[in-house]
Trainee: 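My questions will all concern the structure given below.
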Amino acid sequence: MALSSRAHDLSKPDPKYFFWEVLQNIWDPHTNPDGYVSLGVAENVLMHDVLSQHIHKKIALSNDEFTYGDGRKRLKAALAQFLTKYFHPLRKVEPSHLTISNGCSSALEHAAWAFGNPGDIFLLGKPYYGTFVPDITLRMGTQLTMVDFHGTDPMSLDGVHKYEAVIQDARANGKTVAGLILAHPHNPLGRCYSRPVLIALMRLCEKYKIHLVSDEIYALSTFTNKIDQDVVDIASFTSVLSLDTEGIIDPARVHVIWGISKDFGANGLRLGCLVSQHNPVLHQALVPASLYSSSSSITDHVVANFLEDGPWIDAYIEKNRQGLADSYEHVVRWAREHGIQYAPGVNAAFFLWVNLGAEYEKKHNGTGTGAAGVKHKDLDQTVVDALLEARVFLASGLHFGAEEPGWFRIVFTQRRDHLDEGLRRIVSALE
């Protein structure tokens, strides 16, 4: 059957989406010992029992849930109250500041559609969350331009100058820059942008009249890093909603993405939102467009139930943060024990960014220096093949725009037996 050219292009096998095959064959020590151990998908299972208990205790669907209901009036009110309490915005979040979607990918698509015309570009610093690429480019007609940092900390004040150079270059080549996208806290680095850097980025966006879209999906998945404090400065999380924009940027250019998939370990419930407090025309424009990315009434009901339960959320966040800290320290001790280089200073999200390529080379050709003469793709693929042979799945830095070869993202928010089995297999693969 004939397909459109765009559908035909996407029908071709893409190795980046191998993880769907992995998810159908997950390791279990008893029922599937030969399955894959996945430490490559950004899921937090540490609090699933706690979340499940609350959902099953509170769910009570009325007949209205089988209709279009109240137009998400209850959910928006709960979300607005929640964001006001935990994101510490300068201005109270109102329901009118929110557009709801079935996940943060849809919310980012909405941002791309609303802020950029087909062919316009958004800036994305390396390394980046790989799914930002299809979020912005697959269906919206907008494009991404990646920003290289060449050894500069991408989350530093010096890094801001790298963004400006790319903006100037794009404009010199006749391109329209529509916006700058941040993962804050960062995926895959697991760090937070400092307040001074956020302000500098706001000034940059105002200078060139572009939008700042801060994806804060890991905002509450922060923790105290006690193991790296003597190694690197660690910035605490500050939402862009909490910053005074007076004299810095037109607040209509500042937007936040948030959803329940990470902070509440509920990727599968599919609920996100675009928060914009000073741009009512944006939300009006998204009323017809958001029809195609609606969340389900059951998800709306479940999420409103727990967002309205303040004491439960307080306890949940505290317990989750302790679990994140414990898991991070566990995987860092493993990396240190095996001499594996990692990017320190993590205090948010689920990731340890590790240089498996250098360790692989050290064991196989004695260099461990990045293999002069070995192509980036070749080294990454060699390690990927070794990992898959050991039946462990990690996300390769090649799919995160890593500027150096050999870097991989380990997701440490798994059951401890699952995590340890994966770490054991990584060591085996490197051997």
Side-chain angles (χ1 to χ4, degrees), residues 19 23 38-52 54-55 78-79 82-83 85-87 98 100-109 111 127-132 135 181-193 213-223 225 236-241 255-275 295 299 302-303 306-307 312-328 331 346-353 395 400 409-415 418-419:
F19 73 89
L23 293 180
S38 173
L39 302 181
V41 180
E43 294 181 324
N44 179 3
V45 309
L46 301 178
M47 298 291 289
H48 276 181
D49 288 344
V50 175
L51 180 65
S52 177
H54 189 280
I55 288 174
L79 263 170
F82 167 83
L83 292 167
K85 178 177 180 180
Y86 293 101
F87 284 59
L98 307 174
I100 307 296
S101 59
N102 59 354
C104 288
S105 282
S106 293
L108 278 161
E109 278 199 335
Y128 50 78
Y129 168 52
T131 305
F132 278 159
D135 288 347
I181 300 171
L182 296 181
H184 170 53
H186 197 280
N187 177 2
L189 298 180
R191 294 163 50 205
C192 304
Y193 287 88
V213 181
S214 181
D215 184 336
E216 301 185 0
I217 194 171
Y218 294 98
L220 303 181
S221 298
T222 57
F223 56 91
N225 180 336
S236 58
F237 173 73
T238 300
S239 173
V240 299
L241 297 176
H255 320 276
V256 164
I257 303 290
W258 184 80
I260 64 169
S261 59
K262 312 305 180 185
D263 286 342
F264 288 97
N267 297 45
L269 288 183
R270 309 308 306 145
L271 189 128
C273 63
L274 174 59
V275 188
S295 56
T299 292
V302 165
V303 174
F306 65 70
L307 290 183
W312 180 85
I313 288 180
D314 289 340
Y316 181 99
I317 291 172
E318 182 61 32
K319 187 173 182 180
N320 185 47
R321 285 175 169 162
Q322 186 58 55
L324 293 171
D326 290 346
S327 291
Y328 176 72
V331 74
V346 174
N347 68 334
F350 314 152
F351 320 119
L352 189 67
W353 189 237
F400 290 85
R409 189 188 71 175
I410 295 177
V411 177
F412 54 73
T413 45
Q414 297 289 338
R415 293 192 329 265
H418 190 101
L419 177 60

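Keep in mind that what you see is a predicted model, and the values were worked out from it rather than measured.
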Trainee: Counting the benzene-type ring for Trp, do Trp258 and Tyr86 have ring centres under 6.0 Å apart?
Mentor: no

Trainee: Any sub-3.5 Å donor-acceptor pair from Arg409's side-chain atoms to Gly40's backbone N or O?
Mentor: yes

Trainee: Taking side-chain hydrogen bond (donor to acceptor under 3.5 Å, both in side chains) as the definition, give me every residue that meets it alongside Asn347, ordered by chain and number, with sequence neighbours left out.
Mentor: none

Trainee: Fit a plane to each ring of Phe264 and Phe82, take the angle between them on a 0 to 90° scale, and name the class: parallel (under 30°), tilted (30 to 60°) or perpendicular (over 60°).
Mentor: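 The rings of Phe264 and Phe82 sit tilted, inter-plane angle from 30° to 60°.
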
Trainee: Can you see which heavy atom on His418 is nearest to which on Leu39, and at what distance?
Mentor: CD2-CD2, 4.0 Å

Trainee: How many angstroms lie between CG in Leu189 and CG in Leu352, if you round to the nearest 0.5 Å?
Mentor: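 The distance works out to 10.5 Å.
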
Trainee: Are side-chain heavy atoms of Leu307 and Lys85 found at a separation under 4.5 Å?
Mentor: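 No, too far: nothing below the 4.5 Å cut-off.
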
Trainee: With no hydrogens and no angle check, is any side-chain donor or acceptor of Asp135 less than 3.5 Å from a backbone partner on Ala107?
Mentor: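 Not at all, since once roles are kept as given, no pair shorter than 3.5 Å links the two residues.
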
Trainee: Anything under 30° is parallel, anything over 60° is perpendicular, the rest tilted; go ahead and classify Phe412 against Phe223.
Mentor: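 If you compare the ring of Phe412 with that of Phe223, the planes turn out perpendicular.
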
Trainee: Which heavy atom in Glu216 sits nearest to a heavy atom in Val240, and how many Å separate them?
Mentor: OE2-N, 3.1 Å

Trainee: Any idea which heavy atoms bring Ile260 and Val303 closest together, and the distance?
Mentor: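 What the structure gives for the nearest pair is CD1-CG2, 3.5 Å.
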
Trainee: Of all the heavy-atom pairs spanning Arg270 and Gly103, show the shortest one and how long it is.
Mentor: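 Taking every non-hydrogen atom into account, NH2-CA, 3.6 Å.
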
Trainee: Using the ring of each side chain (for Trp, its six-membered ring), is Trp353 parallel, tilted or perpendicular to Phe400, with breaks at 30° and 60°?
Mentor: perpendicular

Trainee: Would a distance-only check, ignoring hydrogens and angles, find a side-chain to backbone donor-acceptor pair under 3.5 Å from His48 to Gly265?
Mentor: yes

Trainee: Check step by step if side-chain contact (heavy atoms from CB on, under 4.5 Å) holds for Arg321 and Leu220.
Mentor: CA-CA 8 Å; Arg321 285 175 169 162; Leu220 303 181; 4.2 Å; yes

Trainee: Phe350 pairs by side chain to side chain contact (heavy atoms under 4.5 Å, CB included) with which of Ser221, Pro188, Ser327?
Mentor: Ser221

Trainee: Can you tell me if NZ on Lys319 sees more than 12 non-hydrogen neighbours from other groups inside 6.0 Å?
Mentor: no

Trainee: Measuring from Met47:CE to Leu324:CG, what's the distance to the nearest 0.5 Å?
Mentor: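 Answer for the CE-CG pair, Met47 versus Leu324, is 9.0 Å.
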
Trainee: How close do Ala219 and Thr222 get, counting heavy atoms only, and between which atoms?
Mentor: O-CG2, 3.4 Å

Trainee: After noting the C-alpha distance and the side-chain angles of Val331 and Gln414, does the key distance pass the side-chain contact (heavy atoms from CB on, under 4.5 Å) rule?
Mentor: CA-CA 11 Å; Val331 74; Gln414 297 289 338; over 6 Å; no

Trainee: Identify which one of Leu271, Leu269, Ile217 satisfies the side chain to side chain contact (heavy atoms under 4.5 Å, CB included) criterion when paired with Ser261.
Mentor: Ile217

Trainee: Drop me the distance from Cys273's SG to Leu83's CG, to the nearest 0.5 angstrom.
Mentor: 5.5 Å

Trainee: Atom CG of Leu274 and atom CG of Asp215: how far apart are they, to the nearest 0.5 Å?
Mentor: 10.5 Å

Trainee: Could you tell me the separation between the SG atom of Cys192 and the NE2 atom of His184, rounded to the nearest 0.5 Å?
Mentor: 6.0 Å

Trainee: Any side-chain heavy atom of Gln322 sitting closer than 4.5 Å to one from Asp326?
Mentor: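 With C-beta onward as the side chain, the pair touches.
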
Trainee: Any chance you could measure Ile317, atom CD1, to Asp263, atom CG, to the nearest 0.5 Å?
Mentor: 7.5 Å

Trainee: Check for a donor-acceptor pair, side chain of Thr413 on one end and backbone N or O of Glu43 on the other, with a separation under 3.5 Å.
Mentor: yes

Trainee: For Ile100 and Leu79, run side-chain contact (heavy atoms from CB on, under 4.5 Å): C-alpha distance rounded to whole Å, both residues' side-chain angles, the deciding distance at 0.1 Å, then the answer.
Mentor: CA-CA 10 Å; Ile100 307 296; Leu79 263 170; 3.3 Å; yes

Trainee: Going through the distances and angles, do Val50 and His54 end up as a side-chain contact (heavy atoms from CB on, under 4.5 Å)?
Mentor: CA-CA 7 Å; Val50 175; His54 189 280; over 6 Å; no

Trainee: Of all the heavy-atom pairs spanning Ala348 and Pro185, show the shortest one and how long it is.
Mentor: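 Scanning both residues completely, I find the closest heavy atoms to be CB-CB, 3.4 Å.
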
Trainee: Tell me if a side-chain donor or acceptor on Asn187 pairs with a main-chain N or O of Tyr129 at a distance below 3.5 Å.
Mentor: no

Trainee: For the aromatic rings, using the six-membered ring if either is Trp, is the centroid distance between Tyr218 and Phe351 under 6.0 Å?
Mentor: yes

Trainee: Mind checking what makes ring-ring contact (aromatic ring centres under 6.0 Å, His included) contact with His255, not counting sequence neighbours?
Mentor: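 His255 satisfies ring-ring contact (aromatic ring centres under 6.0 Å, His included) with Phe115, His211 only.
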
